[in-house]
Number of protein chains: 2
Amino acid sequence: MEQHPDILTYLNKHFPTLDKDLKEYLSVIGGLKKIPAGEVLLKQGQYIRFTVLVLEGRIKLYREGEEQGEFFMYYLEPGDACAISMICIASGKESEVMAKAVEESVVLMIPVQHMELLMKDYKSWYRFVIESYRRRFEEVLTVLDSTVFKSMDERLLSYIREQSRQLNTRQLKLTHQEIATDINSSREVISRLLKKMEQKGLVKLNRNYIEVLPAD
Amino acid sequence: MEQHPDILTYLNKHFPTLDKDLKEYLSVIGGLKKIPAGEVLLKQGQYIRFTVLVLEGRIKLYREGEEQGEFFMYYLEPGDACAISMICIASGKESEVMAKAVEESVVLMIPVQHMELLMKDYKSWYRFVIESYRRRFEEVLTVLDSTVFKSMDERLLSYIREQSRQLNTRQLKLTHQEIATDINSSREVISRLLKKMEQKGLVKLNRNYIEVLPAD
DNA sequence: ATGCTTATGTAACAAATGTCACAGAAATAC
DNA sequence: GTATTTCTGTGACATTTGTTACATAAGCAT
């Protein structure tokens, strides 16, 4: 079998916790896939045939309501794996979330049938899977905290700051409508609350982007 | 090393997916512990030194708000494991939830240091861990759906029906205050909504218990 | 420029949820 | 028994969030 040099380069760059052997093995069994910006790579309810490691770009994970909208959970970045895909595969269950590329992204797709062996033969893989899942669980609990314990203005502020942190920029290129969709509110409410936040000196509003001002 | 016959009996009764070898091994390394009703066996933020398998009774898992109350996530029953404890151990992280026995319960406690070997040597253990975690993730997502997409009356109905299903009874011994705490609302709101539900023929209200009427 | 589309601002109102105040009923304590 | 506590019911009101209906402004296309 032949190693794919690009894959190995990617893995070395973003997955320091995986063993050398494992990375080589993954570069043999995995396939590179380029995902254009905006493409949905996993639908809620869909069966999963690959475990996905993110090598480039950024993937947005949503929970879809039964009838209604979509609710933002977290981003996957280079170095992350889709925890859901790993676990659902292992249990033969369908996806519980929707995943959409927000930038052009490159992912490594590892076919289902290798999971068992990976788990068994590579300790660093098993640890990676466990840790990925734990982190996602933690993130979902944080999101749950927001919706349960916080009011809309606090949720909005958390959202804004979290976006700024994750995207590593103070200039958030988001419309009020997009924010409203992500946290399941309405555009008018977001505009109103953002205006108040601006008056408090937390943000500066502009057309098509929001400048996040440093917290005191 | 000596097997503990009671443990083995419990494991055989409630954990059909675990291999015979594994059960025998668990009965050697695990310790039985009886938990009185009402006792908290795990606090949020606490480090975890044992993986817990539930053998008897019922454990309630909560998420605690930063300042405020506690929010019900799910129950653990005989045959369940505390997924959080398994994963946090594996990652050396503290607990993300609070666990409280609602009935007198019996649990099997497996010290941290055996996890690595269990994962490596017992395929049925690894599968059990993964599946436990997946199911809890799924439950938390369902709870998240409720808080994000549903109004309070719908959440209350879901809660009531879920309790009835899990506790396997139509007579829910819950006060309005307890319900309010579990879903982070206020007692008056719950009383009001329950009254409406009674008028719709969904429940029958009594002091200290609620009778859940079958859905159409 | 002119018109078209998209994004934002905002008032007025509606609906949902939370809070306060208090009453009465049922259980429990004494 | 009476007193006390706990639980439930409910009206009145406050607050938060969502909705409707526009207005205005910025960018884009021609």
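Every value quoted in this text rests on a predicted model; they were computed, and no experiment measured them. Every chain is numbered from 1, with letters handed out A, B, ... down the list of sequences.
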A:S164 side chain to A:I160 backbone, donor-acceptor under 3.5 Å:
no
A:Q199 CD - C:dT10 C1' separation (whole Å):
12 Å
Could you pick out which residue, A:E198 or B:K150, lies toward the 5' side of DNA chain C when each is mapped onto its nearest nucleotide?
A:E198
Closest to the side chain of B:K195, out of D:dG9, C:dA27, D:dG18, is D:dG9
Which of these passes side-chain contact (heavy atoms from CB on, under 4.5 Å) with A:L76: A:I59, A:L53, A:V107?
A:I59
Looking at A:Q113, I'd like to know if its CD atom is crowded, meaning that more than 12 non-hydrogen atoms belonging to other residues, nucleotides or ligands lie closer than 6.0 Å.
yes
Taking CE from B:M152 and C1' from D:dG18, how many angstroms apart are they, rounded to a whole number?
16 Å
For the side chain of A:V189, starting at C-beta, report the closest nucleotide among D:dG9, D:dT19, C:dT8.
D:dT19
Got a donor-acceptor pair under 3.5 Å from the side chain of B:R207 to the base of D:dT6?
yes
Whole angstrom is fine here: how far is it from CD1 in A:I179 over to P in C:dT8?
8 Å
Nearest-nucleotide check on DNA chain D, B:R192 vs B:R187; residue mapping nearer the 5' end is B:R187
If you check every side-chain atom of B:S186, which of C:dT17, D:dG9, C:dG18 has the closest atom?
C:dG18
To the nearest Å, how far apart are B:D153 CG and C:dG18 P?
12 Å
Check whether any side-chain N or O of B:S185 sits under 4.0 Å from OP1 or OP2 of C:dG18, and answer yes or no.
yes
How many angstroms lie between CD1 in B:I84 and CD in B:E94, if you round to the nearest 0.5 Å?
12.5 Å
Against the side chain of A:E188, the closest entry in D:dG18, C:dT10, C:dT17 is C:dT10
How long is the line joining CG of B:N206 and P of C:dA25, in whole Å?
16 Å
